[in-house]
> 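My questions will all concern the structure given below.
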Amino acid sequence: MNPWLALKDEVSGLLDFLFPPVCPLCGVAGAVAGGDSFCRGCLAGFSPLASPCCPICALPFEGPAGSDHHCGGCLSEPPPFIRVTALGIYQGTLAEAVRDLKYREGFHLGRPLGRLLAALLAGRRGERPFGLLVPVPLHGERLKERTYNQAQLLAEAIGRHLAVPVASELLRRTRSTPPQQGLSASERLRNLKGAFALRKGLDGERVVLVDDVLTTGATARECSRVLLKGGAAEVEVAVVARAARHL
Ligand SMILES: [Zn+2]
Ligand SMILES: [Zn+2]
């Protein structure tokens with residue numbers, strides 16, 4: 001069984017009252033059993049990140065389950081973040097949800113996607129609780145065009161569900177960067193060098209950096225580096241979708 005369907009069954013009773021009976025992604029009314037967030041059809045189209053994948057950046061591999069190993073990128077240059085949590089692979093209905101959230105004024109998707117991410121993160125909180133959610137910021141010009149920051153919507157939804165504070169203004173873009181599409185991982189990192197700064201220092205907090213999608217991880221690396229330099233004890237990353245280029 002698709003684990004998202006299992007999770008849906010598990011939490012739907014508890015969270016019924018929070019969600020309207022229309023699927024926020026496909027808009028089909030009545031398809032949302034128990035007033036849950038996404039309908040079964042859309043949830044079934046989310047491809048969860050399954051083993052084998054990289055234990056740090058969550059890059060999925062082809063091969064038998066259980067053969068997790070570090071990817072080439074994490075081996076040659078270990079990232080500053082400890083791991084990546086993602087709802088699934090950037091494909092199917094999950095990719096559609098990310099594109100809607102980002103480009104098609106789908107700000108109403110921030111809440112249900114954030115709730116699913118919160119459930120994943122909550123399962124791990126027993127290990128060592130994190131104390132702060134930090135969304136990846138948009139540059140002022142892009143924020144003006146788009147009117148909202150999708151990463152902030154996700155962080156706020158996670159924060160509400162887990163009662164963890166969101167530091168929306170902590171990380172800021174110091175300059176607008178050219179689009180990352182079509183650039184290699186190292187070009188992306190160069191493109192982002194010095195593009196982020198902290199408004200104030202941190203005091204040993206465990207931070208969850210929140211974004212919509214992780215592709216090469218260049219943005220997550222640069223933001224994590226800045227957060228650690230500014231006093232964070234540890235940074236992990238939570239995204240809606242993990243892009244896997246070979247799939
Ligand atoms: Zn749907
Ligand atoms: Zn990796």
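Both ligands and their constituent atoms are indexed starting at 1 by order of listing.
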> Is it true that some N/O/S atom of Cys74, main chain or side chain, lies under 2.8 Å from the Zn ion (ligand 2)?
yes

> Salt bridge check: are Arg99 and Glu96 linked by an N-O gap of less than 4.0 Å?
no

> Under the criterion side chain to side chain contact (heavy atoms under 4.5 Å, CB included), which of Leu209, Val208, Val237 is the partner of Phe81?
Val237

> Parallel, tilted or perpendicular for Phe61 and His69, by the 30°/60° rule?
parallel

> Would you check, one step at a time, whether the test side-chain contact (heavy atoms from CB on, under 4.5 Å) holds for Ile158 with Leu121?
CA-CA 9 Å; Ile158 297 169; Leu121 290 167; 3.9 Å; yes

> Which atoms of the protein, restricted to N, O or S, are nearer than 2.8 Å to the Zn ion (ligand 1)?
Cys23 SG, Cys26 SG, Cys39 SG, Cys42 SG

> Rounded to the nearest 10°, what angle sits at the Zn ion (ligand 2) between SG of Cys71 and SG of Cys57?
100°

> Cluster question for you: counting only ILVMFWY and a side-chain heavy-atom cut-off of under 4.5 Å, with indirect links fine, are Val226 and Val134 together?
yes

> May I ask you to decide whether Arg206 forms a salt bridge with Glu236, counting only side-chain N to carboxylate O separations under 4.0 Å?
yes

> With rounding to the nearest 0.5 angstrom, report the CG to CZ distance, Leu154 to Phe107.
14.0 Å

